A.B. asks: 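Just dropping this structure here.
Computed from a predicted model, the values in this text were never measured in an experiment.
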Amino acid sequence: MRIATWNVNSVRMRVPRLLPWLQQRRPDVVCLQETKLSDAAFADLLGEQLDGLGYRFAHHGHGQWNGVAILSRVGLDEVTPDFEGQPEYAGVVEARAISATCGGVRVHSLYVPNGRTVGSDHYDYKLAWLDALRAAVATGPAHVALCGDMNVAPADADVFDPAAYIGQTHVTGPERDRIAAFGLVDVVRERWPGERVFTYWDYRAGMFHKDLGMRIDLVLTSRSVADRVAAAWVDRQARKGSGPSDHAPVIVDLDSAPDGDIGPVVPPPSNPVKRGRGVRLPQAPRPDK
DNA sequence: ATGGTTGCGCTGCAA
């Protein structure tokens, strides 16, 4: 089962990149963030085409800002927008979270508040939001994957220049403590310890070209899911070329569960990775430069 | 070149 997460920075603007990417990478479950659409607009824009590609979908958005979705062709059950106890900002519960059970895994598509500046009300909101999410996830199913734009770089290795980020959001102790507090496995970092791996590069000043980025899009899973990881990588190709998002997708391949109880409901059609009997799965591609 | 981009939506704000 292939799970991907991608902050698309407006799904309407990203349709020319998203649809070919779905056909090329063929993820079974896709978490999207910053769709910036209402539920009705998302269905109007993509419903027919996603159906044609074999995806069911659940979207949660109010238009203009935020907006999250889960696409799945391995089941989409118990869809839940928001989470228990999700804090408000300016009197509104923003559309930043949706969860569903897909192929036996409780999948969350998350767009964590940015925090803006340290000590601002938005920063406090970000911390409270992460605290409440942790409490909600703790009461949920054991086989879990938190996927999305966490807006936190878990360690200094996850930013291009730690000195440049001192005093900035995304790298502070309180934010990092809250990511660690989930007690989940950061599967890309576990697979690539010590590698320079980023998922976000500012549009300005040729940051992507110079590989001056941050790793803030994460897949955090229970150990039960992490033990099934065959590959975990950042799809930098999707950040290249014309009209990209400022974020690249993160892609995670899971082998079937050892006891078979949480494997994919259906095998992925025409998987580009050949799975001959007795043939070892290939290593994930190195995060290229 | 003394900033640099993009998206939303129409004026500046968010990222």
A.B. asks: Using atom CD of A/E94 as one end and atom C1' of B/dA15 as the other, report the distance to the nearest whole Å.
C.D. replies: 13 Å
A.B. asks: When you match A/V11 and A/N114 each to their closest nucleotide on DNA chain B, which lands nearer the 5' end?
C.D. replies: A/V11
A.B. asks: How many Å lie between OH on A/Y123 and P on B/dA15, as a whole number?
C.D. replies: 16 Å
A.B. asks: Looking at B/dT6, I'd like to know if its phosphate oxygens (OP1 or OP2) sit under 4.0 Å from a side-chain N or O belonging to A/S10.
C.D. replies: no
A.B. asks: Contact class for A/Y111 vs. all strands (heavy atom < 4.0 Å): base, sugar-phosphate, or nothing?
C.D. replies: sugar-phosphate
A.B. asks: Pick the closest DNA chain B nucleotide for A/D202 and for A/H247 by heavy atoms, then say which residue is nearer the 5' end.
C.D. replies: A/D202
A.B. asks: Starting at OH of A/Y89 and ending at C1' of B/dA15, how long is that distance when rounded to a whole Å?
C.D. replies: 14 Å
A.B. asks: Distance check, P atoms only: B/dG9 and B/dA14, in whole angstrom units.
C.D. replies: 14 Å
A.B. asks: Hey, are A/D82 and A/R96 close enough for a salt bridge, meaning a charged N less than 4.0 Å from a carboxylate O?
C.D. replies: no
A.B. asks: Take the angle between the ring planes of A/W21 and A/W6 and call it parallel below 30°, perpendicular above 60°, tilted in between.
C.D. replies: tilted
A.B. asks: Using whole Å, report how far CG of A/L18 lies from C1' of B/dG7.
C.D. replies: 17 Å
A.B. asks: In whole angstrom, give the distance that lies between atom CZ of A/R12 and atom P of B/dG7.
C.D. replies: 13 Å
A.B. asks: Identify whether the distance between the nearest side-chain nitrogen and carboxylate oxygen of A/D255 and A/R228 falls below 4.0 Å.
C.D. replies: no
A.B. asks: Take atom C1' in B/dG7 and the same atom in B/dT11, then report the distance between them in whole Å.
C.D. replies: 14 Å
A.B. asks: Using atom P in both nucleotides, what's the gap between B/dC13 and B/dG4 to the nearest angstrom?
C.D. replies: 16 Å
A.B. asks: Nearest heavy-atom pair of A/L130 and A/F182: which atoms, and what distance?
C.D. replies: O-CZ, 3.8 Å
A.B. asks: Parallel, tilted or perpendicular for A/F42 and A/H59, by the 30°/60° rule?
C.D. replies: parallel
A.B. asks: Could you tell me how far apart A/R204 (CZ) and B/dA15 (P) are, to the nearest whole angstrom?
C.D. replies: 12 Å
A.B. asks: Distance check needed: B/dT5 P versus A/K210 NZ, whole Å only.
C.D. replies: 12 Å
A.B. asks: Scan A/R116 against the nucleic acid and name what it touches under 4.0 Å (heavy atoms): base, sugar-phosphate only, or nothing.
C.D. replies: sugar-phosphate
A.B. asks: Please report, rounded to the nearest Å, how far the P atom of B/dA14 is from the NZ atom of A/K36.
C.D. replies: 12 Å
